Amino acid sequence: MQDEATIDEDYYDLLARLGVPYFHWGGMRATDRLASLCRIDAGKMVLVVGCGTGYSACHIAEKYRCRVVGIDISEGLVEQARERAEAQNISDRVAFRVADAHDLPFDDDGFDAVITEFVTIFLEKPRALREYVRVLRPGGQVGVNELYKSEDVPRDAEELISEAEAGFEDVVGLPIVLPTLRRWEGWFRDAGMEDIRQEEVDYTYGVREYAKAVGGWADTLKLTLWSIHRMIFDKRMKKIFGQVGKMKDVFMKNKKTKQYVGAMLLVGRKP
Ligand SMILES: C[S@@+](CC[C@H](N)C(=O)[O-])C[C@H]1O[C@@H](n2cnc3c(N)ncnc32)[C@H](O)[C@@H]1O
């Protein structure tokens, strides 16, 4: 049973129902860069792990004319992803199903690329990464967009980062502890990958891109007003948004901490 302060439906499900289309840093610019690093093009077979509302999966299928399978642990999000593919008329090339990233329901060697954005940070990394590699054909690429922290975080900044991580887990229910880049690379190597490359996600997306993804300016305004309304009138939501807001502040804005936290694209090849 969930704690009173934890939302009784999945946090990302709730946001998705409100119209938030995706939850990773760098928006579609980061997704396109990941697709390019993973050499995705027409005819390729791509697995998107933790696909959420299917925004990136549909974007990749449409732009690169490849076939995509998206999986997510949340039934609600998978349903939304299917609706998105239907609305975009690409259901013949994109399929979604409910599955756990730790135990992928696919045979070995079936995909040319595995893409995953802001998901593996919540998982048992060695186990999940081994699964990504297992389902790839030899020569295929794993590409992740994930958070990391520097090796040399001073003690006061480390304390603020740890508090923010614990606060997020407390209200959202997903464990998060930022690994260092070296740690991420170690997990990639241990999972059997080679030719490991890394790039910083140092770009943000503008309001215009976000509004387009939400469905237009009117929907963006509706979403903003709804969030403000819930923040004011619903104590539980206030606590949840407050904690998540604190984490975003520590990761993105706070002068003491933000230079030690980043997002990166990490790509590796199955030998
Ligand atoms: C931060 S959201 C990112 C969603 C999407 N990748 C995006 O960029 O918008 C994290 C996602 O991971 C999914 N997730 C969490 N644990 C999972 C698991 N064990 N297997 C598959 N998906 C999982 C959640 O349901 C959610 O959709």
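Bear in mind that the values here come from a model prediction, so they are computed numbers and not experimental data. Note that ligands are numbered from 1 as they come in the structure, with each ligand's atoms numbered from 1 the same way.
For ligand 1, the atoms sitting less than 4.0 Å from at least one non-hydrogen atom of Gly52 are 27 (O), numbered in the order shown with element in parentheses. Listed by atom number, the atoms of ligand 1 under 4.0 Å from Leu123 heavy atoms are 16 (N), 17 (C), 18 (C), 19 (N). Within the listing of ligand 1, atoms 9 (O) sit less than 4.0 angstrom from a heavy atom of Tyr22.
A distance-only check finds no donor-acceptor pair linking the side chain of Lys258 to the backbone of Lys256 [under 3.5 Å]. No side-chain donor-acceptor contact under 3.5 Å links Thr180 to the backbone of Glu151. Using modelled atom types, one side-chain atom of Asp112 and one backbone atom of Met45 make a donor-acceptor pair closer than 3.5 Å. Of the possible polar contacts, none joining the Thr53 side chain to the Ala16 backbone as a donor-acceptor pair under 3.5 Å is found. Between the side chain of Lys246 and the backbone N or O of Ala164 there is no donor-acceptor pair closer than 3.5 Å. Listed for the Ser36 side chain is no donor-acceptor partner under 3.5 Å among the backbone atoms of Asp32.
Residues Tyr11 and Leu174 form no side-chain contact, since every pair of their non-hydrogen atoms from C-beta on lies 4.5 Å or further apart. Contact annotation: the side chain of Cys51 never approaches that of Leu77 to less than 4.5 Å [non-hydrogen atoms, C-beta and beyond]. Using a 4.5 Å heavy-atom threshold, the side chains of Ile115 and Cys38 count as touching. Looking at heavy atoms from C-beta onward, Met264 lies in side-chain contact with Trp184 at the 4.5 angstrom threshold.
Atom 27 (O) of ligand 1 has Asp72 OD2, 2.7 Å as its closest protein atom, hydrogens excluded (heavy atom only). Nearest protein heavy-atom neighbour of atom 8 (O) of ligand 1: His24 ND1, 2.7 Å. In this structure, the protein non-hydrogen atom closest to atom 9 (O) of ligand 1 is Phe23 N, 2.8 Å. Scanning the protein heavy atoms around atom 15 (C) of ligand 1, the nearest turns out to be Ile73 CG2, 3.8 Å.
Among the atoms of Ala101, some N or O lies under 3.5 angstrom from an N or O of ligand 1. For ligand 1, one of its N or O atoms has an N or O atom of Gly50 under 3.5 Å away. Considering backbone and side-chain atoms alike, Phe118 places every N or O at 3.5 Å or more from each N or O of ligand 1. In terms of polar-atom proximity, defined here as any N/O pair under 3.5 Å, Ser74 makes no such contact with ligand 1.
Counting heavy atoms under 4.0 Å from ligand 1, residue Thr116 does not touch it at all. Here Tyr12 has side-chain heavy atoms under 4.0 Å from ligand 1, and that is the only part of it that gets that close. Contact annotation for Ala99 and ligand 1: only backbone heavy atoms (N, CA, C, O) come within less than 4.0 Å of the ligand.
Residue Gln141 is tested with Lys270, Lys44, Arg197 for a side-chain hydrogen bond (donor to acceptor under 3.5 Å, both in side chains); the sole match is Arg197.
Within the 4.0 Å heavy-atom shell around ligand 1 one does not find Ala16.
Comparing Val119, Leu77, Ile71, Asp100 by heavy-atom distance to atom 19 (N) of ligand 1, the nearest is Asp100. Nearest-heavy-atom check against atom 3 (C) of ligand 1 across His102, Glu75, Glu117 picks out Glu117.
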